[in-house]
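Proteins come first, then strands; the chains are lettered A, B, ... in the order of their sequence lines, and each starts at number 1.
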2 protein chains.
Amino acid sequence: MTHDQAASARIAAELRSRIIQGVLVPGTRIRQEEIAEEFGVSRLPIRETLRILESSGLVTLVASTGAWVSALDLDECREIYLMRERLEPLLLRMAMPSHTAESFIEFEASAQRVEAATSPGEFLERDHAFHRALMAGPTTIRLHDTVDHLWNLTHYYRRQLLAPNAVTRRSRREDIFAEHRMILRAVIDGDVESAEAMLALHIRHTRKLVELYPEIFTHSGAGVPRSSR
Amino acid sequence: MTHDQAASARIAAELRSRIIQGVLVPGTRIRQEEIAEEFGVSRLPIRETLRILESSGLVTLVASTGAWVSALDLDECREIYLMRERLEPLLLRMAMPSHTAESFIEFEASAQRVEAATSPGEFLERDHAFHRALMAGPTTIRLHDTVDHLWNLTHYYRRQLLAPNAVTRRSRREDIFAEHRMILRAVIDGDVESAEAMLALHIRHTRKLVELYPEIFTHSGAGVPRSSR
DNA sequence: ACTTGTCGGATTGGATCCAATGACGTGCGA
DNA sequence: TCGCACGTCATTGGATCCAATCCGACAAGT
């Protein structure tokens, strides 16, 4: 079939993936023609793609000038974490009624996979999978999208936090595992209040860690337009 | 100047305004050519406009088929209210440190204007202004945008709730005023915890009211594609 | 030497034109 | 009379072409 979905949406998904995986570093310029050539389409769908990414905050575009991968500063990152501290517990609460005994087994396995991760990339991937599994509910599309969106916005910096510095990785690693187990325990017990509180604390701890390493927000490129949305 | 901002963004803002003001009813189809002709531009910027509105959930577009103003059902509306119950108190908390004595005076005046509103449209307008004023902070762009977005998504239904039925309007009116005053009192006292709790309760009460009148979600148009995001 | 004005290339924004897909209506057959 | 298939038509999706804007370099003047 010629287009199982619109080209703009498909390319937007691909670019989003590159941005959150750090292939496209915040601050780098995006030239329409370059992307168009790579995907073998005209510039037109690319323009639509950039509008989509802009309205979700991943790309900052200046009229008649160009598009850049949005960069966050520490305050914005903190703000996003604060939002996650409020929203993810809510999402977890709404997902919990639909969990079953089979879900719990899968959650345990997922938590095990996080602990068995050997590389930062693997860890990030599996950690995200664990959180997504816990909060996967049938009837919360918008909330789920919002949470996913917030996660995407900070994914690059989370990776920065883990990748270069073995110290931050070591010190926090065991804490994260313990927190995961406590969240999982509360979920299995059906204790909504504990699960919410523990998940909020989990995110809060990560935020505190981010605030300890503000140097990950110093992008070398000086002329990077800041995000406007 | 030929374009102080991009045409797609300008038209997106206009259409958004029409949707939240109820000029464009949820479920109505949007034909690109029609809009293009009205604004005196080609279909191209309209396409970008629709992508923008889609990614913010106001418009649902089906590949090669068309675009419709997104319609909510009761569950989605409840979900959005639950998100607001979590996020708006956070935004209020973050805004409070920047408030001054002059702000307080303006808040009082704004609350008075809400109570003096004579028509449903006026009431909605002033109520929104009051909430926005309370939560206007300098350093919370993304949170503010998210809250504003959630507000937009339910604006039409809030209007529906007030407009036709004098009973719901009467019964809740005094409660709303009282809650506004209690929130304002807490804000002026600098009591963050009370302000957060009271605002959450305020939103919760409105949600409960919405849940009492599910008939506002019965859109006559049968073939309306549901929102996917 | 530094600032300022101007010119040129590169890049984005928009309009028109063409192809492809989905929907609706009609006609044929059971 | 009802159901299915086919053909036409309206509408969307994409490509190419043209105009407007912005950035950088070069040159001239102070």
Side-chain angles (χ1 to χ4, degrees), chain A residues 1-15 19 24 27-55 58-71 219-229, chain B residues 1-15 19 24 27-55 58-71 221-229:
Chain A
M1 54 188 70
T2 29
H3 44 276
D4 51 0
Q5 56 178 329
S8 48
R10 196 166 41 83
I11 298 172
E14 171 62 24
L15 284 191
I19 291 173
L24 285 174
T28 58
R29 181 167 185 178
I30 301 176
R31 283 194 302 278
Q32 298 180 356
E33 200 160 3
E34 187 176 304
I35 307 291
E37 186 177 6
E38 175 186 345
F39 285 93
V41 296
S42 97
R43 264 178 43 224
L44 202 149
I46 306 299
R47 280 164 58 175
E48 294 176 348
T49 294
L50 292 180
R51 304 273 180 205
I52 296 172
L53 294 178
E54 188 215 12
S55 77
L58 281 173
V59 160
T60 303
L61 53 94
V62 182
S64 301
T65 304
W68 285 264
V69 179
S70 296
H219 300 91
S220 50
V224 174
R226 284 283 327 296
S227 161
S228 61
R229 292 187 59 85
Chain B
M1 54 188 71
T2 27
H3 44 277
D4 52 0
Q5 57 177 329
S8 47
R10 195 167 41 84
I11 298 172
E14 171 62 24
L15 284 190
I19 292 173
L24 284 175
T28 58
R29 180 167 187 178
I30 300 177
R31 283 194 303 277
Q32 298 179 356
E33 200 161 1
E34 187 175 304
I35 307 291
E37 187 178 4
E38 175 185 345
F39 285 93
V41 295
S42 96
R43 266 178 40 224
L44 202 150
I46 305 298
R47 279 164 60 175
E48 293 175 346
T49 293
L50 291 179
R51 305 274 179 202
I52 296 172
L53 294 178
E54 187 215 13
S55 76
L58 281 172
V59 160
T60 303
L61 53 94
V62 182
S64 302
T65 304
W68 286 262
V69 179
S70 295
V224 175
R226 283 282 327 296
S227 161
S228 60
R229 293 187 56 84

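Atoms CZ (A/Arg47) and C1' (D/dT21) sit 14 Å apart, rounded to a whole Å. The CD atom of A/Gln32 sits 18 Å away from the P atom of D/dA20 (whole-angstrom rounding). At whole-Å resolution of the value, CG in B/Leu61 and P in C/dT21 are 18 Å apart. Whole-Å rounding puts the B/Glu48 CD to C/dT12 C1' distance at 11 Å. Distance CH2 (B/Trp68) to P (D/dT11): 12 Å, rounded to an integer number of Å. A straight line from CD1 of B/Ile35 to P of D/dT12 spans 10 Å, rounded to a whole angstrom. Spacing between atom CD of A/Glu34 and atom P of C/dA10 amounts to 15 Å, rounded to whole angstrom units.
In this structure, B/Arg29 and B/Leu44 both approach DNA chain D, and ranking their closest nucleotides by distance from the 5' end singles out B/Arg29. Comparing B/Ser42 and A/Arg31 along DNA chain C, the residue whose closest nucleotide (by nearest heavy atom) sits nearer the 5' end is A/Arg31. Ranked by how close their nearest DNA chain D nucleotide is to the 5' end, B/Glu33 and A/Thr65 are led by B/Glu33.
Nucleic acid contact class of A/Leu50 (heavy atoms, under 4.0 Å, all strands): none. B/Ile46 comes within 4.0 angstrom of nothing in the nucleic acid, heavy atoms only.
Proximity of A/Ser64 to the phosphate of C/dT12: no side-chain N or O atom is located under 4.0 Å from OP1 or OP2.
Heavy-atom contacts from other residues, nucleotides or ligands closer than 6.0 Å to CD of B/Glu38 number more than 12. Atom CD of A/Glu33 sits in a sparse spot, with 12 or fewer heavy atoms from other residues, nucleotides or ligands closer than 6.0 Å. The local environment of CD in A/Glu14 is crowded, with over 12 non-hydrogen atoms from other residues, nucleotides or ligands closer than 6.0 Å.
For A/Pro45, counting side-chain heavy atoms from C-beta on, the closest listed nucleotide (D/dG13, C/dA15, D/dA15) is D/dA15.
Residues A/Thr49 and B/Arg51 form no side-chain contact, since every pair of their non-hydrogen atoms from C-beta on lies 4.5 Å or further apart. Side-chain contact between B/Ile19 and B/Val59 is present, with heavy atoms from C-beta onward closer than 4.5 Å.
A donor-acceptor contact under 3.5 Å is formed by the side chain of B/Arg43 with the base of D/dG13.
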